[in-house]
Enquirer: 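Following this message is one structure expressed as structure tokens.
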Amino acid sequence: MPSFGEKLKLEREKRKITLEQISGSTKIGTRMLQALEEDKFNQLPGGIFNKGFVRAYSRVVGLDEDQTVAEYMQASGDAPSMSTEIAAQEDDERARENAENVSRLDASAAAPTHQLPWGLFAALLLAVALALSLWSHRQHTKQSTRPTPTTSAAPVPAEHSSGQVLGQVSDDSAGKAPSGSTTNGSRTGGSAPYAAPKTSQNSAPAVPAATPGEFTVVIQAREDSWISITADGRTVSSELMAAGTERAVQGRKQVIVKSGNAGGTDFLFNGKKLDIGGEFGEVKLITFGPHGILQNAPEPPSTP
């Protein structure tokens, strides 16, 4: 009697479907699909990810999804007990929603793009350029015809010729606007106020504010990727992240992230981008502590 993986492979070959076709439809790496057909369940991410893989595989091949998932649970030894039956049903619903999200992304990617009216855009840009040119010409004409005011030099008071310095600024008030008075308190009478130059600083990448004693980890998906996040022993998220989205999480002791597509995921620790050295389609577990990436330890049990 064929095993669970052999049965999947026979059904796939009977319908003349390749692993590459299934991978393109489900966004699951071919290595994961091959491990599923070879009953190497220990090479899969585990948990609801495995059931989501089996359900997506069954949908593409044309098998009954619920029956195939049940057969996988029996083959992998993860058959749910009566006490966990409700939790298993919730996991199935979540996996079905994730698979629907994947299908929706494929449909949106395959939808034809509407042709933009480039001729209309060009005409609008030309009209705006002409309007700006006319406005600039009128402003220049007004300024050239406006009379230039004449200024006369004011006489310098006698007391200023004794070597007193006008508008002197002490070392304590450097960078502030002078008040226009002399060092002995006499008025200058015509000194203009001084404005300190404004300085600009390069803004750092936006990072969610963390309370004292916490650190922040930001996950950015460059490609679709299965993600599971645990912060200080509590499960924060378990979902399929679409390309172009990101998630941020704070922790005090430890943040553990399991990525189903390490090569298509970026990580930022307190605003600084880190290189985890993952490949596309690779399942990788990354553990963060208060000072950065830690050596991966066995994944602790998470609390809901």
Side-chain angles (χ1 to χ4, degrees), residues 1-80 85 87-113 221-228 237-245 258-265 278-284:
M1 182 177 180
S3 64
F4 172 78
E6 292 174 349
K7 181 179 178 181
L8 291 181
K9 185 176 182 180
L10 289 174
E11 294 294 335
R12 176 179 62 80
E13 292 177 348
K14 185 187 301 183
R15 292 166 174 79
K16 297 182 179 180
I17 300 175
T18 64
L19 289 178
E20 287 74 16
Q21 291 175 331
I22 299 178
S23 177
S25 299
T26 62
K27 305 300 181 182
I28 302 173
T30 55
R31 290 188 298 176
M32 299 292 103
L33 298 174
Q34 188 174 1
L36 190 64
E37 291 186 348
E38 295 176 358
D39 297 320
K40 296 179 180 179
F41 305 128
N42 59 339
Q43 297 181 5
L44 299 176
I48 62 173
F49 291 113
N50 294 3
K51 291 191 290 185
F53 290 174
V54 173
R55 191 176 296 276
Y57 186 106
S58 304
R59 184 181 301 109
V60 175
V61 176
L63 301 176
D64 183 81
E65 298 178 17
D66 295 333
Q67 181 180 354
T68 307
V69 170
E71 292 175 358
Y72 161 75
M73 299 294 289
Q74 293 293 335
S76 62
D78 294 335
E85 183 176 356
Q89 292 177 356
E90 294 178 354
D91 291 342
D92 291 341
E93 292 178 359
R94 191 179 297 108
R96 186 180 296 107
E97 292 177 358
N98 290 336
E100 291 176 355
N101 291 335
V102 172
S103 300
R104 202 175 297 116
L105 289 172
D106 292 339
S108 61
T113 57
R222 288 184 285 102
E223 294 187 358
D224 296 347
S225 177
W226 295 89
I227 290 293
S228 176
S237 176
S238 180
E239 60 180 310
L240 172 66
M241 287 184 61
T245 61
K258 179 186 285 187
S259 173
N261 185 6
T265 311
E279 298 181 359
F280 292 95
E282 177 184 357
V283 177
K284 192 160 187 176

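Just so it is clear, the values below take in all heavy atoms, side chains as well, and ignore hydrogens, waters and symmetry mates. Numbers for residues simply follow the sequence, beginning at 1.
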Enquirer: One thing to verify: whether E6 and K9 come together as a salt bridge, which I'm taking to mean a side-chain N less than 4.0 angstrom from a carboxylate O.
Expert: no
Enquirer: So which atom in D224 and which in N261 form the shortest heavy-atom distance, rounded to 0.1 Å?
Expert: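 Residues D224 and N261, closest heavy atoms: O-ND2, 3.3 Å.
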Enquirer: In the structure I gave you, are the side-chain heavy atoms of E282 and R31 within less than 4.5 Å of one another anywhere?
Expert: yes
Enquirer: Check whether any side-chain N or O of D39 sits under 3.5 Å from a backbone N or O of G5 as a donor-acceptor pair, and report yes or no.
Expert: yes
Enquirer: Is the backbone of A221 close enough, under 3.5 Å, to the side chain of S225 for a donor and an acceptor to pair up by distance?
Expert: no
Enquirer: Answer yes or no: is there a donor N or O on one side and an acceptor on the other, between the side chain of T245 and the main chain of A242, under 3.5 Å?
Expert: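 Confirmed, T245 side chain pairs with A242 backbone.
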Enquirer: Strictly distance-based, threshold 3.5 Å: is any side-chain N or O of R55 a donor or acceptor partner for the main-chain N or O of E65?
Expert: no
Enquirer: Checking K14 against V61 for the side chain to side chain contact (heavy atoms under 4.5 Å, CB included) test, could you report, in this order, the C-alpha distance in whole Å, the side-chain angles of both residues, the deciding distance, and whether it holds?
Expert: CA-CA 10 Å; K14 185 187 301 183; V61 176; over 6 Å; no
Enquirer: Where do R12 and E37 come nearest, in terms of heavy atoms and distance?
Expert: NE-OE2, 2.6 Å
Enquirer: What is the minimum heavy-atom distance between T68 and F4, and which atoms define it?
Expert: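 Reported closest heavy-atom pair: O-CE1, 3.5 Å.
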Enquirer: Could you give the distance from CD (E38) to CG (L33), rounded to the nearest 0.5 Å?
Expert: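 Reported to 0.5 Å precision, the distance equals 11.0 Å.
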Enquirer: Within this structure, what is the OG-CH2 distance for the pair S238 and W226, rounded to the nearest 0.5 Å?
Expert: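 Rounded to the nearest 0.5 Å, the OG-CH2 separation comes to 8.5 Å.
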Enquirer: Looking only at non-hydrogen atoms, find the nearest pair between Y72 and V54 and report the distance.
Expert: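 In terms of heavy atoms, the two residues are closest at CG-CG2, 3.8 Å.
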Enquirer: Within the side chain of K258, is there an N or O that forms a donor-acceptor pair under 3.5 Å with the backbone of K284?
Expert: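 Absent.
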Enquirer: Is a side-chain N or O of S23 found less than 3.5 angstrom from the main chain of I28, in a donor-acceptor match?
Expert: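 Checked: pair present.
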Enquirer: Side chain to side chain contact (heavy atoms under 4.5 Å, CB included) for T26 and F53? Distances and angles first, verdict last.
Expert: CA-CA 8 Å; T26 62; F53 290 174; over 6 Å; no
Enquirer: Judged by atom type as modelled, is there a donor-acceptor pair below 3.5 Å linking the side chain of Y57 to the main-chain atoms of L8?
Expert: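 At least one qualifying donor-acceptor pair exists.
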Enquirer: Can you give me the closest heavy-atom contact between M32 and L44, atom names plus distance?
Expert: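 Looking at all heavy atoms of both residues, the closest pair is O-CD2, 3.6 Å.
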Enquirer: Between K7 and E71, does any NZ, NE, NH1 or NH2 come within less than 4.0 Å of an OD or OE carboxylate oxygen?
Expert: yes
Enquirer: With a 4.5 Å heavy-atom cut-off, do N50 and P45 have their side chains touching?
Expert: yes
Enquirer: State whether the side chain of R222 and the backbone N or O of G263 hold a donor-acceptor pair below 3.5 Å, judged by distance alone.
Expert: yes
Enquirer: What's the separation between atom CG in N42 and atom OG in S76, rounded to the nearest 0.5 Å?
Expert: 11.5 Å
Enquirer: Could you check K27 against L240 for side chain to side chain contact (heavy atoms under 4.5 Å, CB included), going step by step and ending with a plain yes or no?
Expert: CA-CA 10 Å; K27 305 300 181 182; L240 172 66; over 6 Å; no
Enquirer: Keeping Q21 on the side-chain end and T18 on the backbone end, is there a donor-acceptor pair under 3.5 Å?
Expert: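 It does hold such a pair.
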Enquirer: For a side chain to side chain contact (heavy atoms under 4.5 Å, CB included) check, start with the C-alpha distance between Q34 and K40, then their side-chain angles and the critical distance, and finish with the verdict.
Expert: CA-CA 9 Å; Q34 188 174 1; K40 296 179 180 179; over 6 Å; no
